[in-house]
Amino acid sequence: MRVGVLTGGGDCPGLNAVIRAVTKSLLRHGQCKGVQVLGIEDGFEGLMGGQPRTRVLRWDQVSGILHMGGTILGTSNSANPLRDAATLAQVQRNVRTLGLDVVVVIGGDGTMSLAHGLRQIGLACVGVPKTIDNDIALCERSFGFDTAVATVTDALRRVESTGNSHHRVMIVETMGRHAGWLALEAGLAGAADVILLPEIDYDLQAVAARCQQREKRQRYSIICIGEGAKPRGGSLTVREHVAHSPDPVRLGGVGHVLREQLQPHLQSEVRTTVLGHVQRGGDPTPFDRVLATRFGHHAAQLVIEGRLGRMVTLQDGRIGSVPIADVANTQRTVSLQHELIITARNIGVCLGD
Ligand code: F6P
C-alpha cells in the first residue's frame with residue numbers, strides 16, 4: 001500500500017507532530033503488511049504540476065520533529081487542484097503514476113473541501129483537521145488552537161503593562177477568519193475588558209461607553225478583536241483579494257478601523273497591535289503535541305481499516321471520525337448561547353452589544 005501525506009492551507013503548530021504520528025503508525029503496521037509513506041510537498045501544489053513533488057518518508061525523517069512548528073513538507077493556501085479540468089486531469093495522472101492508494105490530508109475547512117472534491121477523480125482521502133481558528137465543523141478542538149491562544153494571551157498581558165503605564169486603550173487584533181474562538185478564548189485568558197467577535201457586530205457606542213467608564217477608574221482598557229469582526233451596519237475589513245484561491249479574501253486591519261472610530265470618543269490615546277503570523281508560528285504546546293499525535297495515529301488507523309473519505313474529529317473529548325462530506329464547505333462559529341459567551345457576559349466583559 002502506498003499512502004500520501006500532505007499539509008494544506010496555512011501552517012499551524014502541530015503539523016509535524018501529525019506527520020510523525022501518521023508515518024510512524026503506518027510504518028509499524030507496515031512491518032508485517034508492507035506500507036510506503038510518501039510525503040507530498042507544498043500541499044496540493046505537489047500533485048498539480050507535470051512533475052509531482054514527493055519524497056519517501058522513513059522513520060528517521062520523521063524523528064525529532066514533534067516539537068517543531070511549521071511543516072517539514074511545506075504547504076500552500078492558494079493551490080487549487082479543482083481549478084479547471086486540465087489541472088484536475090493532471091492531478092489524476094500524477095496520482096496514478098505515483099501509485100497512491102490514499103492521501104492523508106492535514107488541513108482546514110478549505111483543504112477538506114478540496115479533498116472532498118477530489119473524489120470525482122477517484123482519489124480517496126483521510127482528513128486531519130488543523131487550524132488556529134478552531135472553526136472546523138464537527139470538531140471541538142483542532143490542534144494549533146491551544147498554541148495560538150497561548151501566544152495571544154501572552155501578547156495581551158504584554159500590552160497591558162503599556163496600556164496601564166500610559167493610560168491608553170490598547171486594541172489587539174487576532175486572526176481567526178469568520179470565527180471568534182481565538183479572540184474569545186485568548187480574550188478571556190488575557191483578561192480583556194472588551195472582546196469583539198465576528199459573530200456579534202459591535203456597537204461603537206457600547207465599546208466607547210465601556211472605555212469611558214474605565215478612563216475614570218482604571219485609566220486603561222484592553223480590547224481583543226477578531227479579524228472578522230465588523231461594526232453594526234458596517235462591512236468586513238479585507239486586506240486583499242486572491243484570485244483562483246480556495247480562500248479568496250484575506251482579512252486584517254479591523255483593529256485599525258476600530259481605533260479610528262473610537263479615538264474621537266475618548267480622552268486616552270488609542271493604539272492598535274495586529275498580531276499577524278506570530279499566532280501561527282512557534283513550537284506547539286504540550287496539549288497540541290498530544291492532540292496532533294492522537295489525530296495522526298487515528299488517521300493511520302482509518303487508512304489501515306480502509307475507512308476512507310473520513311476526517312478525524314474530537315467530540316466530547318473523544319477521538320472519532322466523520323465523513324469529510326459532512327465538514328466540507330461548512331464552518332463552526334461561536335454560538336451566542338455558548339457557555340464561554342455567557343461566562344464572559346456574566347463576569348462583565350463587554351462583547352460590543
Ligand atoms: O486560517 C488560518 C489563518 O491564519 C487565518 O486566521 C487567517 O485569516 C489566514 O489564515 C491568514 O492567511 P495568510 O497566511 O494567507 O495571510
Side-chain angles (χ1 to χ4, degrees), residues 6-15 18 42-45 69-71 73-80 105-115 127-137 139 141-153 155-156 172-187 195-199 224-230 235-257 272-282 284-285 288 291-292 311 327-334:
L6 67 78
T7 49
D11 72 328
C12 158
L15 286 169
V18 180
D42 302 334
F44 286 113
E45 209 175 283
T71 159
L73 294 175
T75 186
S76 161
N77 57 6
S78 54
N80 184 354
V105 169
I106 311 165
D109 59 337
T111 306
M112 292 308 142
S113 305
L114 296 173
V128 179
K130 72 84 224 185
T131 169
I132 65 160
D133 306 338
N134 206 31
D135 62 351
I136 301 178
C139 183
R141 209 65 157 181
S142 49
F143 67 87
F145 178 67
D146 186 67
T147 308
V149 168
T151 304
V152 177
T153 303
L156 288 168
V172 173
E173 180 186 310
T174 73
M175 284 186 166
R177 290 200 308 170
H178 307 290
W181 297 108
L182 183 54
L184 179 59
E185 285 215 13
I195 303 177
L196 303 177
L197 312 174
E199 292 83 353
C224 182
I225 182 168
E227 63 182 356
K230 57 184 193 319
S235 48
L236 278 175
T237 306
V238 173
R239 183 163 44 89
E240 61 184 321
H241 293 267
V242 196
H244 305 302
S245 169
D247 193 5
V249 287
R250 291 195 178 138
L251 302 177
V254 68
H256 294 299
V257 171
T272 294
T273 304
V274 178
L275 294 178
H277 291 91
V278 295
Q279 296 160 95
R280 292 224 306 252
T285 58
D288 277 339
L291 184 62
M311 185 193 81
V327 299
N329 304 309
T330 59
Q331 271 170 16
R332 194 179 73 97
T333 53
V334 181

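From a predicted model like this one, the values you see are computed outputs, not experimental measurements. Whatever order the structure lists them in is the order used to number ligands and atoms, beginning at 1.
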**Message:** Just to confirm my output: which protein heavy-atom neighbour is closest to atom 10 (O) of ligand 1, and how far is it?
**Reply:** R280 NH1, 3.1 Å
**Asked** Are T237 and E227 close enough that some pair of their side-chain heavy atoms sits under 4.5 Å apart?
**Response** no
**Asked** Can you find a heavy atom in the side chain of V242 that is under 4.5 Å from one in the side chain of R250?
**Response** yes
**Message:** Looking only at protein heavy atoms, which one is nearest to atom 7 (C) of ligand 1, and what is the separation?
**Reply:** E227 OE2, 3.3 Å
**Item:** Close side-chain approach of L114 and F44, heavy atoms under 4.5 Å
**Value:** yes
**Prompt:** Which is it for L251 and ligand 1 at heavy atoms under 4.0 Å: side chain, backbone, both or neither?
**Reply:** neither
**Derivation and outcome, salt bridge (Lys or Arg N to Asp or Glu O under 4.0 Å), residues D109 and R177** = CA-CA 12 Å; D109 59 337; R177 290 200 308 170; 2.7 Å; yes
**Element-labelled atoms of ligand 1 that are located less than 4.0 Å from some non-hydrogen atom of R250** = 15 (O), 16 (O)
**Item:** Student check: side-chain heavy atoms of K230 and V254 closer than 4.5 Å
**Value:** no
**Request:** Report yes if some N/O of M175 lies less than 3.5 Å from some N/O of ligand 1; otherwise report no.
**Result:** no
**Shortest protein contact, atom 15 (O) of ligand 1 (heavy atom only)** = N77 ND2, 2.9 Å
**Fill in**
Under 4.0 Å from one or more heavy atoms of R239, ligand 1 contributes atoms 16 (O)
**Prompt:** Looking at atom 6 (O) of ligand 1, what's its closest protein heavy atom, distance included?
**Reply:** D133 OD1, 2.7 Å
**Numbering as shown, the atoms of ligand 1 that approach G176 to under 4.0 Å (heavy-atom distance)** = 6 (O)
**Prompt:** How about T71 and D11: does a side-chain donor come under 3.5 Å of a side-chain acceptor?
**Reply:** no
**Request:** Quick one: do K130 and V18 satisfy side chain to side chain contact (heavy atoms under 4.5 Å, CB included)? Show the steps, please.
**Result:** CA-CA 10 Å; K130 72 84 224 185; V18 180; over 6 Å; no
**Item:** Test: R141 cationic atom under 6.0 Å from W181 six-membered ring centre, within 45° of axis
**Value:** no
**Prompt:** Heavy atom under 4.0 Å from ligand 1: found in H277's side chain, backbone, both, or neither?
**Reply:** side chain
**Request:** Using distance alone, decide if ligand 1 has a nitrogen or oxygen within less than 3.5 Å of any nitrogen or oxygen in T131.
**Result:** no
